Number of protein chains: 2
Amino acid sequence: MGEGTGLSRSCLADVLGERVALSPAELSALQRLEERQRHVRRGAILLRENESSGELFILRKGLMMSYVLLDDGSRQILRFLFPGDILGISSLVYRESPETLCALSECVVCPFDYATFSELLTEHPRLSALILVFSQIERVALTDRLAALGRTSAKVRVAALLLDLRNRLRSTDKSITDSYPLSLTQEEIGDATGLTAVHVNRMLRQLEEEGLIARNSGRVTLLDERGLARAANYVDRYEGLDLSWLPRAD
Amino acid sequence: MGEGTGLSRSCLADVLGERVALSPAELSALQRLEERQRHVRRGAILLRENESSGELFILRKGLMMSYVLLDDGSRQILRFLFPGDILGISSLVYRESPETLCALSECVVCPFDYATFSELLTEHPRLSALILVFSQIERVALTDRLAALGRTSAKVRVAALLLDLRNRLRSTDKSITDSYPLSLTQEEIGDATGLTAVHVNRMLRQLEEEGLIARNSGRVTLLDERGLARAANYVDRYEGLDLSWLPRAD
DNA sequence: CGTTGAATTGAGTGATGTCAATCGGTGTGG
DNA sequence: CCACACCGATTGACATCACTCAATTCAACG
């Protein structure tokens with residue numbers, strides 16, 4: 001992993017700035033988190049389960065995932081990570097990381113250490129509250145997936161994943177509408193949805209036959225977005241927020 | 001739901017105080033959250049999905065759960081709630097609550113409003129960080145359940161639930177060792193583990209036949225705790241924390 | 001006692017997993 | 001440029017885990 005410096009803005013500030021108007025002091029505190037940057041090659045592991053890290057990261061570019069391995073060798077993908085996401089808060093809290101962070105594409109991350117993060121929390125109460133907000137969004141998104149794994153069919157789970165992926169990608173790249181490059185193998189989709197690769201294949205085919213999606217050369221097109229969202233009981237958890245209770249900017 | 005006042009200490013402070021030594025200022029801020037209290041009858045709903053609340057709660061006594069209903073009528077229990085847990089942070093963040101809060105036994109909760117919470121976050125950075133920590137613990141516990149639903153068998157999921165329940169109960173009631181009252185119906189266990197009540201029954205029976213647990217009149221006894229934990233890949237997420245990075249007490 | 005909700009049990013079904021083979025594309029060494 | 005190796009996608013046949021439906025038992029409670 002090569003390490004470098006430079007670049008002006010802050011990815012995290014972009015994400016937070018969409019929700020509230022950041023003060024100059026807040027902005028500069030956030031920029032301090034992204035002063036250094038590091039490349040992570042496709043497939044490379046940024047942090048391994050049960051190891052400790054000593055630093056946090058902000059994902060600046062690319063797609064990553066977090067997963068756990070069970071002792072029978074199977075894998076559960078917990079979450080896909082997009083630019084602006086903070087990586088490794090859970091490994092901050094534990095002596096050993098509860099999950100592995102792995103790059104699905106060529107990525108750029110910005111590492112910063114615990115002390116910097118701790119200072120930020122202390123000196124910028126509103127940012128601290130916003131980080132709590134995003135931690136809750138993530139928690140609720142996890143509960144949606146929990147309900148999907150516990151109570152919905154294979155087809156619905158795959159549909160929900162396709163929809164969610166599109167929405168997350170679009171929040172970085174506004175040019176995406178109903179079509180996007182599916183940069184996951186069917187095995188990865190299976191490990192995220194609790195299915196086998198073989199069955200994921202069948203479900204994709206079925207969605208295609210039913211006219212809900214189209215596929216060619218790795219691109220997915222959502223043909224009936226309304227139908228997909230209804231079938232998948234899908235809610236975009238980055239919408240519908242209420243931040244009126246947040247403290248004043250400092 | 002009857003409303004009353006009184007009572008001296010703070011449940012939340014008890015929980016947080018196990019991890020760090022709280023300052024007098026922190027202690028009194030936490031006590032302010034539990035000034036009022038309200039009884040919740042067994043089966044009563046404290047907050048309904050898609051409704052908004054205007055207040056948060058601290059669970060002081062009893063057992064509650066949070067769940068979502070899917071549109072086919074099925075239910076997914078997201079989490080069991082124990083004394084000292086903060087209820088409704090996710091409904092603070094959204095205009096409408098993403099989940100329902102419901103009492104599984106006679107409960108006592110302490111309501112407090114958003115402004116009080118917001119003040120606490122602003123004026124006590126270390127408490128704010130600790131709340132973030134507990135939010136992460138909860139998130140990791142959810143990922144454990146996600147992995148269980150996605151990648152483990154019915155028997156293992158039930159075993160994990162039994163173990164986790166015992167551990168959570170013990171953190172309130174130190175007299176519990178290997179035996180405790182299972183205050184859930186088999187349908188509730190099913191809704192938590194993504195199974196049907198019928199299949200939960202069979203799995204309990206199997207665990208019993210294999211000598212891993214014993215049951216009589218609603219009590220469960222863990223006979224082979226080691227074996228259960230190994231089979232269930234169980235990790236107690238309230239252990240193994242690293243809080244050395246926390247800011248100073250104020 | 002009757003009623004009710006929960007637990008238990010059996011029989012049959014269906015969704016998803018397993019195993020194995022094939023196909024297609026891509027990169028690599030010769 | 002070709003042959004090979006490899007990885008992922010695809011497909012079929014079959015196995016199995018968990019669900020459904022239905023009947024019965026059990027315990028608590030009026």
Side-chain angles (χ1 to χ4, degrees), chain A residues 41-43 65 70 72-77 102 104-105 148-162 181-210 213-220 231-232, chain B residues 41-43 65 70 72-77 102 104-106 147-162 181-210 213-220 231-232:
Chain A
R41 278 194 311 278
R42 175 186 170 80
M65 63 175 169
L70 308 204
D72 66 348
S74 63
R75 175 175 70 172
Q76 176 68 49
I77 294 178
C102 174
L104 285 163
S105 68
L149 291 204
R151 290 298 185 213
T152 74
S153 71
K155 187 159 51 163
V156 165
R157 282 183 245 170
V158 172
L161 180 103
L162 294 179
L182 180 55
S183 48
L184 303 175
T185 66
Q186 293 178 0
E187 185 173 4
E188 284 158 352
I189 297 176
D191 286 345
T193 52
L195 302 168
T196 58
V198 172
H199 205 57
V200 167
N201 185 291
R202 291 195 256 255
M203 295 303 103
L204 287 171
R205 171 153 316 282
Q206 255 187 269
L207 290 171
E208 197 171 21
E209 279 167 6
E210 292 170 14
I213 66 169
R215 294 182 296 160
N216 36 20
S217 62
R219 278 192 84 79
V220 176
Chain B
R41 279 194 310 279
R42 175 186 170 81
M65 62 176 170
L70 308 204
D72 66 348
S74 64
R75 175 175 71 172
Q76 176 67 49
I77 294 177
C102 175
L104 285 163
S105 68
E106 296 293 313
L149 291 204
R151 290 297 185 213
T152 74
S153 71
K155 187 159 52 163
V156 165
R157 283 183 243 170
V158 172
L161 180 104
L162 294 179
L182 180 55
S183 47
L184 303 175
T185 66
Q186 294 178 359
E187 186 172 4
E188 284 158 351
I189 296 175
D191 286 346
T193 52
L195 302 169
T196 58
V198 172
H199 204 57
V200 167
N201 184 292
R202 290 194 253 258
M203 294 303 102
L204 287 171
R205 170 152 317 282
Q206 255 187 270
L207 290 171
E208 198 171 21
E209 278 167 6
E210 292 170 15
I213 65 170
R215 294 181 297 160
N216 35 21
S217 60
R219 278 192 85 78
V220 176

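The structure presented is a predicted model; accordingly, all values stated were derived computationally and were not measured. We name chains A, B, ... by the order of the sequence lines, and we start the count at 1 in each one.
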Nearest 0.5 Å please: distance from the CD atom of A:Glu187 over to the CG atom of A:Asn201. 12.5 Å

Which whole-number value in Å describes the distance from [X] [atom1] to [N] [atom2]?
X        : N      : atom1 : atom2 : result
B:Leu184 : C:dG5  : CG    : P     : 19 Å
B:Asn216 : D:dA27 : CG    : P     : 12 Å
A:Gln206 : D:dT10 : CD    : C1'   : 15 Å
B:Glu188 : C:dG5  : CD    : P     : 14 Å
B:Asp72  : D:dT20 : CG    : C1'   : 14 Å
B:His199 : D:dA22 : NE2   : P     : 20 Å
A:Arg42  : C:dG27 : CZ    : P     : 11 Å
B:Met203 : D:dA18 : CE    : C1'   : 8 Å

Closest to the B:Asn201 side chain, choosing from C:dG17, C:dT16, C:dA7: C:dA7

Go through D:dT11, C:dT16, D:dA18 for me and flag the one nearest to the A:Arg205 side chain. D:dT11

Is any side-chain heavy atom of [X] closer than 4.5 Å to a side-chain heavy atom of [Y]?
X        : Y        : value
B:Gln186 : B:Arg202 : no
B:Leu104 : B:Glu188 : yes
A:Asp191 : B:Arg151 : yes

By nearest nucleotide on DNA chain C, pick out whichever of A:Val198 and A:Lys155 is the more 5' one.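 Result: A:Lys155.
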
Can you find a side chain N or O atom of [X] that sits less than 4.0 Å from OP1 or OP2 on [N]?
X        : N      : result
B:Arg202 : C:dT9  : no
A:Arg215 : D:dT10 : yes
B:Thr196 : D:dC19 : yes

Atom CZ of A:Arg42 with >12 non-hydrogen neighbours under 6.0 angstrom: no

Applying a 4.0 Å non-hydrogen cut-off, can you work out what [X] is touching in the nucleic acid: base, sugar-phosphate, or nothing?
X        : value
A:Gly194 : sugar-phosphate
B:Leu195 : sugar-phosphate
B:Ser217 : nothing

Closest nucleotide of DNA chain D for A:Arg151 versus for A:Ala197: which of these residues is on the 5' side? A:Ala197

